[in-house]
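Below is one structure, written out as structure tokens; comments come after it.
So that the names make sense, note that chain A is the first sequence line, chain B the second, and so on, each numbered from 1.
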Amino acid sequence: MPIEITMPRLSDTMEAGTVIKWNVKEGDFVKSGSVVADIETDKATMEMQCFDDGRMAAILVEAGKQVKVGTPIALVALEGEDLAAVKAGGSATKVPTAPVVVPPAATSSAARPATVTQTETRHGMEGFPTEGEDGPRMRVSPVARRMAEDHGIDIRLVRGSGPGGRVIKRDVEQAIENKSASQASAKSSTIASSQALSVSTGGVQTPSAPLALALPGRDVALTGMRQTIARRLVESKTTIPHYQVTMKFDMDRLIDLRANYNEKLKSSGVKLSVNDFLVRACALAMAEHPYFNASFAGDHVRIHEVVNIGVAISLPEEKGGGLVVGVIKDADHKSLRQISADTKTLAEKARTKGLSVQDMSDATFTISNLGMFGVEHFTAIINPPNSAILACGAAVQQPVVRDGQLVVGTQMQATLSLDHRVIDGAMAAQYLASLKEFIEEPETLVV
Amino acid sequence: MTAVLHNPLFREPSTISGATREIEFRDAIREAMSEEMRRDKRVFLIGEEVAQYDGAYKVSKGMLAEFGERRIIDTPISESGFAGMAIGAAAMGLRPIVEFMSWSFSLVAADPILNNAPKMLYMSGGQLGCPIVFRGNDGAGGQLGSTHSWAVEGLYSNVPGVKIVIPSCAADAKGLMKTAIRDDDPVFFLESERLLSIKEHVPEGEYLIPFGHAAVRRTGTQCTICSWGRPVNFCMEAAEILAKEGIDCEVIDLRTVRPLDLPTVIASVKKTNCAVVVDQSWSFASPGAELASQIHRHCFDDLDNFVYRVHSDDVPTPYSSKLEQEYLPNVRKICEAVRAATYRA
């Protein structure tokens, strides 16, 4: 039996992956452990190993294509197996491009609302060839089809989670549940149907596409990372009741202290950034404010026992741009120097070979800092399942009133975005007050 | 199949009250044969070693002493001869029980048991019936090598005119054996050597179990597991493991594959929308294949996945004990099939 290599699930949230590059050609010998391809997951690019010795008989998914987890992407012929026969046997399962990247022509359905068109063409496409002019043939288990009929669910709008995108019983059950939930809560039928659609789609699909302008332009395909950003942040902004609280911090002492330390530590190659102080201040403040280190979990709030601070890292345009969150684990137990070293390592890795899933996992709180770009104030979107994110601006010299006197001081604005299900306004104010103490008396961050 | 329920002796052993009485599977079969021999003078037992040696597997222990050598009859090693002779006796009005030391040895008696017994009523235009029971050990698991490890239900269930009974526990074995002896058609009664020594509760008092009536061994909502004979016990073990994983299985013991109790299976699959068939014969053209086909036909609109099947591997039975266990439809294979069938793989 030839070995079928399928798209591996390389992270908990991964639902589809893109073959970035094949390191072998059809006909090449492969050994167990050899890296046969690079796979882009929702955020990282990872190496995929082969677990058998043999010869690459067929590459079923070419580089650049995205397919769902579990989809066959290559066939390996074992010793004694005929390459051509294996390939011939495998070609029947040849998988077309996943529809999320290239939506089929919308010309035939121009009159329909854009979202519906997109949804209909999207569903049922995954994993099997297009047939005929009526579009793809759907795979639906018999009981799923019958249940959908019984409950008035349009089966074409249900995303299949079975093999080859087959719509199975649990998908229809989910759609029925979504339908009744949205009908119960919706104020109008329009909202109800759009909710049913967006909830039942899920997966790697980007949420409903905005109406396109009929103007000349060029289309840029979404990378896996861009899809994840689109999906996760829409999910965050539409499901989490966000609100923002801003506070100003006097930065003079922190800046002096930093300059002083950096001067003394120059010989050992250490250069602390303002952000390093902020990471430590945020982490230490968790001890007094555990709800900032928590996740909303439906019927309860989970308070985490470890403090892992995520730091948003932007990627250079030539690397495809985008944004990742590197995670400083156990940040409340790390010195400034360790935080500084960890952050530099993560940023460097993110911008060169890319972060591993490990590097990006398990943040309990996130900091986004645009101060280095001269931004004074902005708000950030919560990085689920966090309950808060801190958006830091630049420390700028400005006129301040101190003891009734107008003087020149250096101040920074920081804005918390909060999940109101977990954290109320007064709690946010108290957290910022703690942060203010740490930042304005920065010696406390050292000891 | 409801028609046969009119016999007041038809009772489910699990519904019979009374003290717990644990006896071996072999004792249950002996009780059934002895009770029927006391009741009906036409019944006799014939086979190799059944009399002087008390049975090669001690199923007929003590029967020679009670019934004498005219009714407990030792034969030479000549399956074709004694099976044919017994078929003649049945046609002439007696009710023989023929013991094959192993059903594997029945292959040399294929002509009388497949060509004569099941066709006699039909070919004689109803003049001659063939009320006979063939019984013996069936299936692998005892390191008997490929030639002595046959699961003959794979071959014999293809033949019209035979009834095939494959009990999974002692209480059923007794009730089904009594029904077999009273049945007017040839009955192939397939015992498992691996079950013979297992002690189980068998109720006191007389009861019969009708053919074509499955027993629901465990109720569940997410997957129907259908089996018969020894593998039913593996299905129950698998269901325990799967329950811990959150997969709630219903286990149906068909008990007879001819006749096959489709209504019970269909009702269950309509509830669970998912079925796995476990059959210790080889998969090709097997009773498991037949049952899966029937489920597909009768439950087409109720299925969430195709019917998965677990069989013995498609090779001659290995002698090595480890290979033999791997070859059989074991607990691991059943769990894997159920996970796949319920999309939990």
Side-chain angles (χ1 to χ4, degrees), chain A residues 1 3-10 12 14-16 51 68-73 92-93 123-124 126-128 137-155 158-177 200 202-203 298, chain B residues 220-226 242-243 245-250 262 265-277 282-284 291-311 313-315 323 326-327 333 336-345:
Chain A
M1 279 282 286
I3 301 295
E4 191 178 72
I5 299 181
T6 56
M7 176 60 70
R9 187 183 296 282
L10 298 168
D12 288 347
M14 177 174 173
E15 298 195 10
F51 295 105
K68 283 179 63 168
V69 168
T71 307
I73 59 173
T93 60
H123 293 306
E126 282 124 322
F128 46 90
R137 177 171 154 72
M138 287 195 68
R139 290 180 177 179
V140 183
S141 88
V143 75
R145 187 180 296 278
R146 188 171 56 78
M147 286 170 67
E149 278 171 19
D150 291 349
H151 289 85
I153 301 274
D154 185 346
I155 199 81
V158 180
R159 178 186 153 83
S161 67
R166 183 191 302 158
V167 176
I168 60 175
K169 182 178 165 186
R170 67 166 169 248
D171 301 325
V172 176
E173 284 173 342
Q174 185 66 45
I176 293 167
E177 200 175 299
S200 68
Chain B
T221 57
Q222 290 173 309
C223 183
T224 302
I225 310 178
C226 301
L242 292 161
E245 298 172 13
I247 307 176
D248 183 24
C249 294
E250 181 144 312
L262 286 177
V265 174
I266 291 167
S268 174
V269 176
K270 281 184 186 293
K271 176 178 72 172
T272 62
N273 307 123
C274 174
V276 171
V277 174
W282 292 306
S283 69
F284 196 98
L291 180 55
S293 164
Q294 295 281 359
I295 295 171
H296 284 130
R297 179 187 162 195
H298 292 285
C299 305
F300 184 77
D301 286 318
D302 299 286
L303 285 171
D304 199 30
N305 206 337
F306 61 86
V307 178
Y308 276 69
R309 285 160 55 197
V310 182
H311 287 272
D313 292 345
D314 196 20
V315 292
L323 286 177
E326 182 51 32
Y327 154 92
K333 288 184 192 174
E336 284 171 0
V338 171
R339 289 184 199 113
T342 54
Y343 301 105
R344 306 282 193 91

(request) Kindly give the heavy-atom pair with the smallest separation between A/A144 and A/V172, and that separation in Å. (result) O-CG2, 3.6 Å
(request) State, to 0.1 Å, how close A/V69 and A/P8 come at their nearest heavy-atom pair, and which atoms those are. (result) CG2-O, 4.0 Å
(message) Is it true that, when you exclude B/F300 itself, more than 12 heavy atoms of the residues, nucleotides or ligands shown sit nearer than 6.0 Å to its CZ?
(response) no
Taking only distance into account, so ignoring hydrogens and angles, what donor-acceptor contacts under 3.5 Å exist between chain A and chain B?
from: A/S141; atom 1: OG; to: B/D304; atom 2: OD1; distance (Å): 2.5
from: A/V143; atom 1: N; to: B/L303; atom 2: O; distance (Å): 2.9
from: A/R146; atom 1: NE; to: B/D301; atom 2: O; distance (Å): 3.0
from: A/R146; atom 1: NH2; to: B/D302; atom 2: OD1; distance (Å): 2.7
from: A/R166; atom 1: NH1; to: B/N305; atom 2: OD1; distance (Å): 3.1
from: A/R166; atom 1: NH1; to: B/Y343; atom 2: OH; distance (Å): 2.7
from: A/K169; atom 1: N; to: B/D304; atom 2: OD1; distance (Å): 2.6
from: A/K169; atom 1: N; to: B/D304; atom 2: OD2; distance (Å): 3.0
from: A/K169; atom 1: NZ; to: B/N273; atom 2: OD1; distance (Å): 2.6
from: A/R170; atom 1: NH1; to: B/Y343; atom 2: O; distance (Å): 3.3
from: A/R170; atom 1: NH2; to: B/Y343; atom 2: O; distance (Å): 3.2

(request) Indicate yes or no: at least one non-hydrogen side-chain atom of B/V277 is less than 4.5 angstrom from one of B/I295. (result) yes
(message) Quick one, A/V143 with A/I168, criterion side-chain contact (heavy atoms from CB on, under 4.5 Å). Give me CA distance, side-chain angles, the key distance, then yes/no.
(response) CA-CA 8 Å; A/V143 75; A/I168 60 175; over 6 Å; no
